[in-house]
Colleague: 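Handing you this structure, nothing more for now.
Lettering of chains follows the sequences in order, A, B, ..., and the numbering in each one begins at 1.
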2 protein chains.
Amino acid sequence: MTTKTNDPRMPANYDPSEFPAFAVTVDVVILTMSNKRLHVLLVRRGVAPFEGMWAIPGGFKRPAETLDEAAKRELAEETGVDSASLLTQLGAYGDPDRDPRMNVVTIAYLAAIRRVGVVVAGADAAEAALIPVSEVLKGKTELAFDHAQIVRDAVERVRVDLELRGIATAFVGPTFTLAELRAVYEAVWGEQLDGANFRRSVLAESGWVIPTGRRARPGSTGGKPAELYRAGRMWKKGAPVRYPQPNDTRKEHE
Amino acid sequence: MTTKTNDPRMPANYDPSEFPAFAVTVDVVILTMSNKRLHVLLVRRGVAPFEGMWAIPGGFKRPAETLDEAAKRELAEETGVDSASLLTQLGAYGDPDRDPRMNVVTIAYLAAIRRVGVVVAGADAAEAALIPVSEVLKGKTELAFDHAQIVRDAVERVRVDLELRGIATAFVGPTFTLAELRAVYEAVWGEQLDGANFRRSVLAESGWVIPTGRRARPGSTGGKPAELYRAGRMWKKGAPVRYPQPNDTRKEHE
DNA sequence: GTAGTTCTGGTTGACAAGACCATAACTTAC
DNA sequence: GTAAGTTATGGTCTTGTCAACCAGAACTAC
């Protein structure tokens with residue numbers, strides 16, 4: 001047992017020159033849409049511990065960089081993307097035994113990217129792949145360390161930020177149809193949204209999406225070609241689309 | 001010396017046994033209501049650097065404790081409160097030069113307490129006091145390190161969590177009147193709220209506040225004695241009180 | 001007693017949002 | 001070519017929510 005929950009030698013007041021040393025890593029939960037489902041980029045660990053298991057990419061923070069810079073670097077190393085449309089801090093994870101080797105505090109970041117270009121397997125990673133988040137949430141894909149919890153936290157964060165800040169455009173391309181945008185909401189929330197009402201809500205907030213005047217090519221199944229939009233500036237407050245609240249007054253057939 | 005801000009020998013791929021060492025501190029932004037205004041508990045630093053300046057309390061994380069435990073410990077050491085009504089992680093701060101002595105990554109926590117009991121000046125702190133947050137936000141009270149930014153982030157967090165999760169009961173006593181609860185919202189948001197509408201909104205959410213049947217003593221200015229409530233369980237989703245949206249700015253588009 | 005203050009319940013009007021329908025513009029199948 | 005299917009987009013209707021406002025109740029101070 002390596003746990004020393006109560007170390008009697010630990011003084012109540014620390015001497016600044018004699019602090020406990022920690023390793024600090026910055027890990028990034030990289031989310032993207034693929035095939036109408038939310039996916040997370042995972043790497044298969046090539047080294048112990050948890051060798052052979054899936055994990056979210058990351059690495060040690062360098063002393064001369066900020067946390068944001070470290071996250072940006074990790075994202076670029078892993079995907080080749082150098083400018084994420086969304087990259088925010090998610091939280092810190094520092095349980096004593098989360099890494100069996102040593103004391104590690106991890107700062108987790110959340111990244112949303114439009115499309116994964118090259119998926120690079122780094123030095124510690126034997127393989128990299130996009131895994132549906134549902135597989136992770138259901139526990140069908142086990143992750144190393146406490147990374148499953150981190151992914152759960154990341155998805156929950158996306159769910160509320162989608163409603164609160166409307167970060168949906170981070171998941172689609174530079175131009176997109178409203179159906180594509182709606183697919184992001186539906187994938188993250190797991191709810192069907194009415195196309196007409198969605199359109200009205202999104203367009204009501206001026207400056208959120210901007211029509212380009214051009215039209216998309218209809219899909220192979222036909223249909224009226226949709227107008228193409230591009231992302232406007234982001235919100236100041238409130239969001240155009242709300243998470244559907246079950247109306248108790250709806251008809252109760254069965 | 002342990003500070004090596006730029007080590008050219010740092011390889012791109014780290015060896016796990018040779019990671020850069022960081023000090024990890026856990027600092028707590030302790031907020032409370034006093035005299036109808038939001039206050040933050042600050043300590044005056046007794047040691048260099050920033051000796052004599054105000055700072056938020058905190059200390060080094062111990063290897064055997066979790067981050068949450070560390071925050072709880074710091075809060076107890078500083079205030080004597082052992083069970084905060086609200087204690088959540090706020091974010092991580094790790095800019096390279098935020099501490100001139102060495103590489104320090106700080107995990108900031110946000111605590112809301114009902115009343116400050118004993119304010120203890122610790123080993124590093126010569127003095128402790130409650131300062132109105134407005135003084136910090138306006139820059140009238142300068143803080144050590146990047147603590148001013150941390151306080152700003154904490155207040156912003158409270159503003160949205162008040163709406164999203166209804167954490168207002170964390171700031172009032174075990175029993176309270178609706179006017180007291182309303183004062184929390186008004187202090188944090190800086191907006192006047194209609195008493196009747198506030199009451200309706202709060203009571204609409206069942207289980208959020210529970211009437212005790214007793215009545216408070218009217219204040220010295222008279223008035224009908226208000227009913228006393230106690231906090232129920234917290235929310236699952238949505239909040240009973242929404243941030244007032246100015247209706248006139250809503251019809252700009254078109 | 002009257003005046004002032006606070007709490008509490010009621011009403012109303014504007015607006016937001018979901019359910020649903022209708023039509024337009026494309027596809028493929030025949 | 002026509003018919004059928006699919007998607008986008010605009011419309012209507014109904015319901016619920018919320019802020020503004022009003023009125024009365026219950027206290028204190030004088």
Side-chain angles (χ1 to χ4, degrees), chain A residues 36 163 166 172 175-183 185-186 189 191-206 208-209 211-229 237-253, chain B residues 36 163 166 175-183 185-186 189 191-206 208-209 211-229 237-254:
Chain A
K36 297 226 171 202
E163 181 169 18
V172 295
T175 65
F176 50 88
T177 67
L178 294 188
E180 284 180 77
L181 199 63
R182 179 161 51 93
Y185 282 87
E186 292 177 339
W189 286 348
E191 302 265 356
Q192 289 289 115
L193 297 179
D194 181 272
N197 293 333
F198 180 84
R199 173 190 181 77
R200 215 189 332 275
S201 300
V202 165
L203 295 182
E205 197 85 7
S206 72
W208 163 220
V209 294
T212 64
R214 294 181 299 128
R215 297 197 158 264
R217 286 213 355 246
S220 61
T221 71
K224 178 176 175 177
E227 183 152 17
L228 280 173
Y229 294 84
K237 209 147 196 72
V241 183
R242 295 233 176 128
Y243 186 89
Q245 319 226 19
N247 255 352
D248 289 336
T249 57
R250 66 187 166 187
K251 290 164 194 166
E252 307 214 347
H253 39 281
Chain B
K36 297 226 172 201
E163 181 169 17
T175 65
F176 50 88
T177 67
L178 294 188
E180 285 180 77
L181 199 63
R182 180 160 51 92
Y185 283 87
E186 292 177 338
W189 286 349
E191 302 265 356
Q192 289 289 114
L193 297 178
D194 181 272
N197 292 334
F198 180 84
R199 173 191 181 77
R200 214 187 332 276
S201 301
V202 165
L203 295 182
E205 197 87 6
S206 73
W208 164 220
V209 294
T212 64
R214 295 181 297 127
R215 296 197 161 265
R217 282 207 3 240
S220 61
T221 71
K224 177 175 176 178
E227 184 153 15
L228 280 174
Y229 294 84
K237 206 147 195 72
V241 182
R242 295 229 177 133
Y243 186 90
Q245 319 220 23
N247 286 348
D248 35 24
T249 63
R250 202 71 179 156
K251 49 186 75 164
E252 279 179 297
H253 43 75
E254 291 193 76

Colleague: Could you tell me the separation between the CZ atom of A/F198 and the P atom of C/dA17, rounded to a whole number of Å?
Modeller: 13 Å

Colleague: Which whole-number value in Å describes the distance from A/R182 CZ to C/dG18 P?
Modeller: 13 Å

Colleague: Rounded off to whole Å, could you give me the CD-to-P distance for the B/E180 and C/dT8 pair?
Modeller: 12 Å

Colleague: If every non-hydrogen atom of A/F198 is compared with every non-hydrogen atom of A/L181, which pair is closest and at what distance?
Modeller: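 For A/F198 versus A/L181, the nearest heavy atoms are CZ-C, 4.0 Å.
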
Colleague: Output the rounded distance in Å from CG (B/L228) to C1' (C/dT8).
Modeller: 15 Å

Colleague: Just jot down the side chain to side chain contact (heavy atoms under 4.5 Å, CB included) partners of B/A226, sequence neighbours excluded, or say none.
Modeller: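 Here the qualifying residues are B/T177.
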
Colleague: Please find the pair of heavy atoms, one from B/V209 and one from B/Y229, that lie closest to each other, and give the distance.
Modeller: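 Looks like CG2-CD2, 4.0 Å.
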
Colleague: Grab the CZ-P distance between A/R214 and D/dA8 for me, whole Å please.
Modeller: 17 Å

Colleague: To the nearest angstrom, how far is A/Q192 atom CD from C/dA17 atom P?
Modeller: 20 Å

Colleague: Report yes if some heavy atom in the side chain of B/E186 is under 4.5 Å from a heavy atom in the side chain of B/Q192; otherwise report no.
Modeller: yes

Colleague: Quick one: B/E191 CD to D/dA19 P, roughly how many Å, whole number?
Modeller: 11 Å

Colleague: For the helix from C/dG1-D/dC30 to C/dC30-D/dG1, how many degrees between its two end axes (five pairs per end), to the nearest 10°?
Modeller: 10°

Colleague: Please round to the nearest 0.5 Å and tell me the distance separating atom NZ of A/K36 and atom CD of A/E180.
Modeller: 8.5 Å

Colleague: Return the set of residues passing salt bridge (charged side-chain N to carboxylate O under 4.0 Å, His left out) with A/R199 (not counting sequence neighbours), or none when no residue passes.
Modeller: none

Colleague: Does any part of the side chain of B/W208, heavy atoms only, come nearer than 4.5 Å to the side chain of B/V202, both counted from C-beta?
Modeller: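 Side chain of B/V202 against side chain of B/W208, heavy atoms only: contact under 4.5 Å found.
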
Colleague: So which atom in B/E227 and which in B/P211 form the shortest heavy-atom distance, rounded to 0.1 Å?
Modeller: OE2-CB, 3.6 Å

Colleague: Output the distance between atom CZ (B/R182) and atom CG (B/L193), rounded to the nearest 0.5 Å.
Modeller: 7.0 Å

Colleague: Which residues satisfy the side chain to side chain donor-acceptor pair (under 3.5 Å) test with A/R214, sequence neighbours excluded?
Modeller: none

Colleague: Atom CZ of B/R217 and atom P of D/dT28: how far apart are they, to the nearest Å?
Modeller: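 Between P of D/dT28 and CZ of B/R217: 9 Å.
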
Colleague: Between atom CH2 of B/W189 and atom CD of B/E163, what is the distance when rounded to the nearest 0.5 Å?
Modeller: 5.0 Å

Colleague: Hey, what are the protein-to-nucleotides 9-13 of chain C N/O distances that come in under 3.5 Å?
Modeller:
{"unit_1": "C/dG9", "atom_1": "OP1", "unit_2": "B/R199", "atom_2": "NH2", "d": "3.3"}
{"unit_1": "C/dG9", "atom_1": "OP2", "unit_2": "B/R199", "atom_2": "NE", "d": "2.3"}
{"unit_1": "C/dG9", "atom_1": "OP2", "unit_2": "B/R199", "atom_2": "NH2", "d": "2.7"}
{"unit_1": "C/dG10", "atom_1": "N7", "unit_2": "B/R200", "atom_2": "NH1", "d": "3.4"}
{"unit_1": "C/dG10", "atom_1": "O6", "unit_2": "B/R200", "atom_2": "NH2", "d": "3.2"}

Colleague: Polar atoms only, N or O, under 3.5 Å: list the protein pairs with nucleotides 26-29 of chain C and their distances.
Modeller:
{"unit_1": "C/dC26", "atom_1": "O2", "unit_2": "A/G223", "atom_2": "N", "d": "3.0"}

